[in-house]
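Reviewing the structure listed below.
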Amino acid sequence: MIGEEAMINYTNFQIVGEKAGPKCKPFFTAKVFSKLIHNDPYGRISIMQFFNYVMRKVWLHQTRIGLSLYDVAGQGYLRESDLENYILELIPTLPQLDGLEKSFYSFYVCTAVRKFFFFLDPLRTGKIKIQDILACSFLDDLLELRDEELSKESQESNWFSAPSALRVYGQYLNLDKDHNGMLSKEELSRYGTGTLTSVFLDRVFQECLTYDGEMDYKTYLDFVLALENRKEPAALQYIFKLLDIENKGNLNVFSLNYFFRAIQEQMKIHGQDPVSFQDVKVYMY
């Protein structure tokens, strides 16, 4: 023992491996043991860390099999409809979603699936590798909802929780003043603190998929995911595309000044001292 932590050396690790039987043999290897060594002076590993490693591996295998059942084409990918079916059938197994009305299921599924596709399908091919789904942390967040005693803070920060999905959908309904199920540019302008500039909103409606000049819930979800996760590559790609007016793959002084002028106008309206574009330009370049 080291404090509360039970440790085991390689010799005893091999003995346990022999006793555990053939089914456990793949886990009792030198490779696995060396993966789990963390600066122990006697070259031992934590038994609990090894247990967690095995649990994680088994969970990944089970989930891989579970997801493969929805891979209709058998190519190792899931299309949007495949992932929608997977999540829809998962809802009854997640206690944290017990309170969801059945009438909200379709909106919940849409909200959940959108996160996978926004971040894991940057080229918008309409399908995601099962391998990529397993490698990212989104499934962990989703399956965290199995915990009946999940804290309020954890629920609020988890995109897949009921409060989070209801918050996003509630915002959408509040913005939709004419109740036609779509958002116009004017309606979207009230998003957040209502300080998005009209030139930025123009670009959103030029670049994003719209229907008769209005935005549906899926397109709105992409917009929210981009603005709420601005440091993520997929979000940066989304925003860069909006700023790249000339579609050249780079941002020149003209493009930046075009957006910055509108921000300066907003600052004046809100009684703030406008920042000089020259200062920002010099700093940026």
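This one's a predicted model, so the numbers in the text were calculated from it and none came from an experiment. Side chains included, hydrogens not; waters and symmetry mates left out as well; all remaining heavy atoms used.
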Could you tell me the separation between the [atom1] atom of [X] and the [atom2] atom of [Y], rounded to the nearest 0.5 Å?
| X | Y | atom1 | atom2 | value |
| --- | --- | --- | --- | --- |
| L94 | L100 | CG | CG | 10.0 Å |
| R190 | Q171 | CZ | CD | 11.5 Å |
| Y70 | R79 | OH | CZ | 14.0 Å |
| Q237 | F119 | CD | CZ | 11.5 Å |
| W159 | K115 | CH2 | NZ | 7.5 Å |
| D178 | E186 | CG | CD | 9.5 Å |

Discussion item. Taking E80 first and then R114, would you say they form a salt bridge - that is, a charged N and a carboxylate O separated by under 4.0 Å?
Written reply: yes
Side-chain heavy atoms of [X] within contact of [Y], under 4.5 Å:
| X | Y | value |
| --- | --- | --- |
| Y77 | I130 | no |
| L188 | M215 | yes |
| F118 | L221 | no |
| D222 | C208 | no |
| P95 | L145 | no |
| L243 | Y258 | no |
| I2 | D40 | yes |
| I263 | T195 | no |

Taking [X] for the side chain and [Y] for the main chain, is one N or O donor matched with an acceptor at less than 3.5 Å?
| X | Y | value |
| --- | --- | --- |
| R203 | K241 | yes |
| S255 | L251 | no |
| Y172 | G181 | yes |
| N257 | V253 | no |
| D244 | G249 | yes |
| D141 | F138 | no |
| E187 | S184 | yes |
| S164 | S161 | no |
| D71 | L67 | no |

Worksheet item: According to the side-chain hydrogen bond (donor to acceptor under 3.5 Å, both in side chains) rule, which pairs have a member within residues 265-285, sequence neighbours left out?
Response: none
Practice prompt. Among residues two or more places apart or on two chains, list those pairs meeting side-chain hydrogen bond (donor to acceptor under 3.5 Å, both in side chains) that have a residue in residues 119-137.
Written response: D121-T125
Item to complete: Could you check whether the rings of Y191 and Y220 sit parallel, tilted or perpendicular, using 30° and 60° as the cut-offs?
Response: perpendicular
Extract all donor-acceptor atom pairs below 3.5 Å that involve side chains of residues 105-113 and protein atoms in other chains or at least two apart in sequence.
from, atom 1, to, atom 2, distance (Å)
Y108, OH, F160, O, 2.5
T111, OG1, F107, O, 2.7
T111, OG1, Y217, OH, 2.8

Kindly work out whether a path of hydrophobic side-chain contacts (I/L/V/M/F/W/Y, heavy atoms less than 4.5 Å apart) joins [X] to [Y].
| X | Y | answer |
| --- | --- | --- |
| L120 | I87 | yes |
| L139 | I65 | no |
| L69 | L90 | yes |
| F205 | L242 | yes |
| M267 | F200 | yes |

Discussion item. Taking CD in E148 as the centre, count heavy atoms belonging to other residues, nucleotides or ligands within less than 6.0 Å. Is the count above 12?
Written reply: no
Worksheet entry | Atom CD of E101: over 12 foreign heavy atoms under 6.0 Å | no
Item to complete: List the steps and the verdict of side chain to side chain contact (heavy atoms under 4.5 Å, CB included) for S68 and R64.
Response: CA-CA 6 Å; S68 297; R64 176 81 177 81; 2.7 Å; yes
Testing the basics here: between [X] and [Y], what is the closest heavy-atom pair and its distance to 0.1 Å?
| X | Y | answer |
| --- | --- | --- |
| M1 | E4 | CE-O, 3.5 Å |
| P26 | K23 | CD-O, 3.6 Å |
| N174 | K177 | O-CE, 3.6 Å |
| K31 | S34 | O-OG, 2.9 Å |

Item to complete: Go through the side-chain N and O atoms of N158 and Q96 and say whether any donor and acceptor fall under 3.5 Å apart.
Response: no
Practice prompt. State, without any angle test, whether D82 and N85 hold a side-chain donor-acceptor pair at a distance under 3.5 Å.
Written response: no
Response to the item:
The remaining residues in the hydrophobic cluster of F27, counting side-chain heavy-atom contacts under 4.5 Å among Ile, Leu, Val, Met, Phe, Trp and Tyr, are I8, Y10, F13, V16, F28, V32, F33, L36, I37, I45, I47, F50, Y53, V54, V58
Practice prompt. Run through the side-chain heavy atoms of Ile, Leu, Val, Met, Phe, Trp and Tyr, join any pair under 4.5 Å, and report what else lands in F51's cluster.
Written response: M48, M55
Practice prompt. Would you please test D216 and T219 for side chain to side chain donor-acceptor pair (under 3.5 Å) and show each step?
Written response: CA-CA 6 Å; D216 71 346; T219 308; 2.7 Å; yes
Check residues 224-236 and write down every donor-acceptor pair under 3.5 Å in which the side-chain atom is one partner and the other belongs to a residue at least two apart or another chain.
from, atom 1, to, atom 2, distance (Å)
E228, OE2, R167, NH1, 3.2
N229, ND2, L225, O, 2.8
R230, NE, L227, O, 2.9

Worksheet entry | L183/E214 under side chain to side chain contact (heavy atoms under 4.5 Å, CB included): CA gap, chis, key distance, verdict | CA-CA 5 Å; L183 297 183; E214 295 205 315; over 6 Å; no
Discussion item. As a quick check of understanding, evaluate side chain to side chain contact (heavy atoms under 4.5 Å, CB included) for Q49 and H38, giving each step before the final call.
Written reply: CA-CA 10 Å; Q49 277 188 359; H38 295 298; 3.2 Å; yes
